[in-house]
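Structure record follows, encoded as structure tokens.
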Amino acid sequence: MASIKDNLEKVTAQLPGGVRLVAVSKFHPVEELAEAYEAGQRLFGENRAQELVAKAPELPKDIRWHFIGHLQKNKVRAIMPHVTVIESVDSVELLRLIEKEAARIDRTVDVLLQLHVAQEETKSGFSVEEVLEAGEAGELTEGLPHVHVCGVMAMASLTDDMDQVAREFDLVRRTYITLKDGAFDESEYFNELSMGMSDDWQVAVKYGATLVRIGTAIFGPRKY
Ligand SMILES: *Cc1c(COP(=O)(O)O)cnc(C)c1O
């Protein structure tokens, strides 16, 4: 069986320059994260607040944690001291709360706006219409001194139909550009397009991903 180090090397060797890897370590024990760290990995993604809060103190301080799961409002305070990027902001209300909690501990936090483009209803995120409307209304840019909105994040449908996946990533990319040229035209931070997982990251990269979030292809299958 290939080691975590081998898997990391294989993936990073295929990533074009400028595309960064978030190693999605959810459900994997800290020993396995430490193995990835030893191999040079510094960006890790977790999707549950409790798990992030438990793991972060066990591992080196120069790890940059990306929160990638649905974030409940009552968990924002707990993750705030640990997280570098909250990739999964799915409402204006959550964005406001993140601002408040960041201000409370006197820090600035990077976030991405999660878009819902997949067929599954269970996935969260702004619809394309919602995010564009919020952008035009100034709700994503005004009154957020402790938040840098750095771009968008999305998941494609869980399907073998790579044409469908490509259409969804293309929609994400076009929405990102509309926001970048519109609501965020004066932002120096709005530069990130986070899309692509173990089974579809090659497609995501073709559509301009700057961050790919890969779990299974690095750590193996998760034991839930
Ligand atoms: C779990 C997860 C991933 C990684 O999925 P793999 O298929 O294991 O690569 C990426 N993004 C999000 C939001 C996830 O929850």
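When a ligand or atom number is given, it counts from 1 through the structure's own listing order.
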By side-chain contact (heavy atoms from CB on, under 4.5 Å), which residues pair with M197, not counting sequence neighbours?
M155, D200, R213
Any side-chain heavy-atom pair from I86 and V147 closer than 4.5 angstrom?
no
Would R167 pass as a cation-pi partner of Y207, given that its NZ or CZ must be under 6.0 Å from the six-membered ring centre and within 45 degrees of the axis?
no
Lys NZ or Arg CZ of R42 over Y37 ring: under 6.0 Å, within 45°
yes
Pairs of nitrogen or oxygen atoms, one from ligand 1 and one from the protein, closer than 3.5 Å: please tabulate them with distances.
residue  : atom   : partner : partner atom : Å
ligand 1 : 8 (O)  : T216    : N            : 2.8
ligand 1 : 8 (O)  : T216    : OG1          : 2.5
ligand 1 : 8 (O)  : R222    : NH1          : 2.7
ligand 1 : 8 (O)  : R222    : NH2          : 3.2
ligand 1 : 9 (O)  : S198    : N            : 2.9
ligand 1 : 9 (O)  : S198    : OG           : 2.5
ligand 1 : 9 (O)  : G215    : N            : 2.8
ligand 1 : 11 (N) : R213    : NE           : 2.9
ligand 1 : 11 (N) : R213    : NH2          : 3.4
ligand 1 : 15 (O) : K26     : NZ           : 2.7

Can you list every pair that meets salt bridge (Lys or Arg N to Asp or Glu O under 4.0 Å) and has a residue in residues 8-17, with sequence neighbours left out?
K5-E9
If the condition is side chain to side chain donor-acceptor pair (under 3.5 Å), which residues does Q202 pass it with, not counting sequence neighbours?
none
